[in-house]
Asker: 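I have a structure here, written as structure tokens, and I will follow up with some questions on it.
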Amino acid sequence: MPKQHHQHDINYKNLFTNPDMVASLLRSFAPADVVADMDFSSLEPFPSEHITEDLRERHSDIVWRIRMKDSYCYFLFLLEFQSTEDWWMAVRILAYTALLWQKVIKAEKLKDGDKLPPVFPLVLYNGGTAWKAPTDLRELLSPHGKALEPYQPQQQYFLLDAGRVPEEDLARTNEIATLLIRFERTQAIGEFIQLLTELCTLLPPSERLHLHRAFISWLGKTVFNRTQISEDILHCSTIQEARSMLADIAPHWEQTFMEKGRNEGISIGRSEGISIGETLGIKKILQEILTHRFGALPNDVMASIDGISNANDLKNLTHEAYQVSSFQAFRELLDRICK
């Protein structure tokens, strides 16, 4: 896994080691009939010593336990940051569920006649392209007769494809989990300040300091790093301090970053002509923005960008690169311009 994605996984996991963040995610996105029976005050992490080694080695997967109306439910929470989906995810979920039950049997010392607790598997996917893998294990099985049907395992998981959640759904709820996804999509510093303002109202400065630090670490290492905003946010202790810091640098940041593209062009232009140099400078900035947001660029995308000679087209693409919701959406914009 690329270092940037590995760091992304770790920072996401730090956020979801907090019960308030987990509860917010469930309230915001899990099926209403599932959430209705959950007692969020009972949320507790499943002790790591009881988690199978295979699952524990995946640093981005977490197990929580929550009280339901009639019993406990185990919330199997998988974070996926791959560039493409895992086609066999339903098989992985089946294996993890079975291994989790084995650990529960041992940890709870279940006896003959006792019942296994239910499991709710949720996959949070944050890749650049839409998830197309089956969420139901039965869709992965080859055709077979009815006689074999009773002997086939059944397993489904709930998919949260963060990049495809409609904007209106995110704006409809005032939850820290929805703010997390909105932060992922934001590029303009003014929008960052607005989101931090909303987050300040949800996280008072004297409460849930662990979640303050987890958010600040995630913002500094991923979102702010992606947009080249100062990483000084990492020295802040609360979201309120982070918001004040960002407001202080706001007047200088956008001008400084956009000046970089112009200066790149002028530097190259000294030998090749200002117009050509400006175009090459914009291309370089566009590629930097895309790489910060989505990782290494495919060769065909690099070639398409290199083939654009119109500076206005490049400027429009650079503007879109800041705010586009996914790499696939940017690719579609690029294809339209290159036709």
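Computation of the quantities below employed the complete heavy-atom set of this structure, encompassing side-chain atoms and omitting hydrogens, waters and symmetry-equivalent molecules.
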Asker: Between I66 and F40, is any pair of side-chain heavy atoms under 4.5 Å apart?
Answerer: yes

Asker: Please find the pair of heavy atoms, one from L211 and one from I176, that lie closest to each other, and give the distance.
Answerer: CD2-CD1, 3.6 Å

Asker: Can you find a heavy atom in the side chain of R138 that is under 4.5 Å from one in the side chain of Q152?
Answerer: no

Asker: Under 3.5 Å, side chain of E241 to main-chain N/O of S237, donor-acceptor pair present?
Answerer: yes

Asker: Could you pull out the closest heavy-atom pair between S24 and E175, with the gap in Å?
Answerer: OG-OE1, 2.7 Å

Asker: Are the side chain of Q240 and the backbone N or O of L203 linked by a donor-acceptor pair below 3.5 Å?
Answerer: yes

Asker: With a 4.5 Å heavy-atom cut-off, do M89 and W131 have their side chains touching?
Answerer: yes

Asker: Counting C-beta onward and ignoring hydrogens, is there a side-chain heavy-atom pair between V119 and Y96 closer than 4.5 Å?
Answerer: no

Asker: Ignoring hydrogens and geometry, is there a side-chain-to-backbone donor-acceptor pair from T201 to E198 under 3.5 Å?
Answerer: yes

Asker: So does P117 get a backbone contact from the side chain of W101, meaning a donor-acceptor N/O pair under 3.5 Å?
Answerer: yes

Asker: With a 4.5 Å limit on heavy-atom distance, are the side chains of R331 and F327 in contact?
Answerer: yes

Asker: Can you find a heavy atom in the side chain of L26 that is under 4.5 Å from one in the side chain of F75?
Answerer: yes

Asker: Are Y74 and F120, when compared by the centres of their aromatic rings, separated by less than 6.0 Å?
Answerer: no

Asker: Out of curiosity, L25 CG to L180 CG, how far, rounded to the nearest 0.5 Å?
Answerer: 8.5 Å

Asker: Could you state whether V91 and L78 fall into the same hydrophobic cluster, counting links through intermediate Ile, Leu, Val, Met, Phe, Trp or Tyr residues with side-chain heavy atoms under 4.5 angstrom apart?
Answerer: no

Asker: Do I62 and P45 touch side chain to side chain, with heavy atoms closer than 4.5 Å?
Answerer: no

Asker: Check for a donor-acceptor pair, side chain of S217 on one end and backbone N or O of R213 on the other, with a separation under 3.5 Å.
Answerer: no

Asker: Measure from the side-chain N and O atoms of H212 to the backbone N and O of P204, and report whether any donor-acceptor pair falls under 3.5 Å.
Answerer: yes

Asker: State whether the side chain of D114 and the backbone N or O of K111 hold a donor-acceptor pair below 3.5 Å, judged by distance alone.
Answerer: yes

Asker: So does R67 get a backbone contact from the side chain of S71, meaning a donor-acceptor N/O pair under 3.5 Å?
Answerer: no

Asker: Counting C-beta onward and ignoring hydrogens, is there a side-chain heavy-atom pair between F16 and F77 closer than 4.5 Å?
Answerer: yes

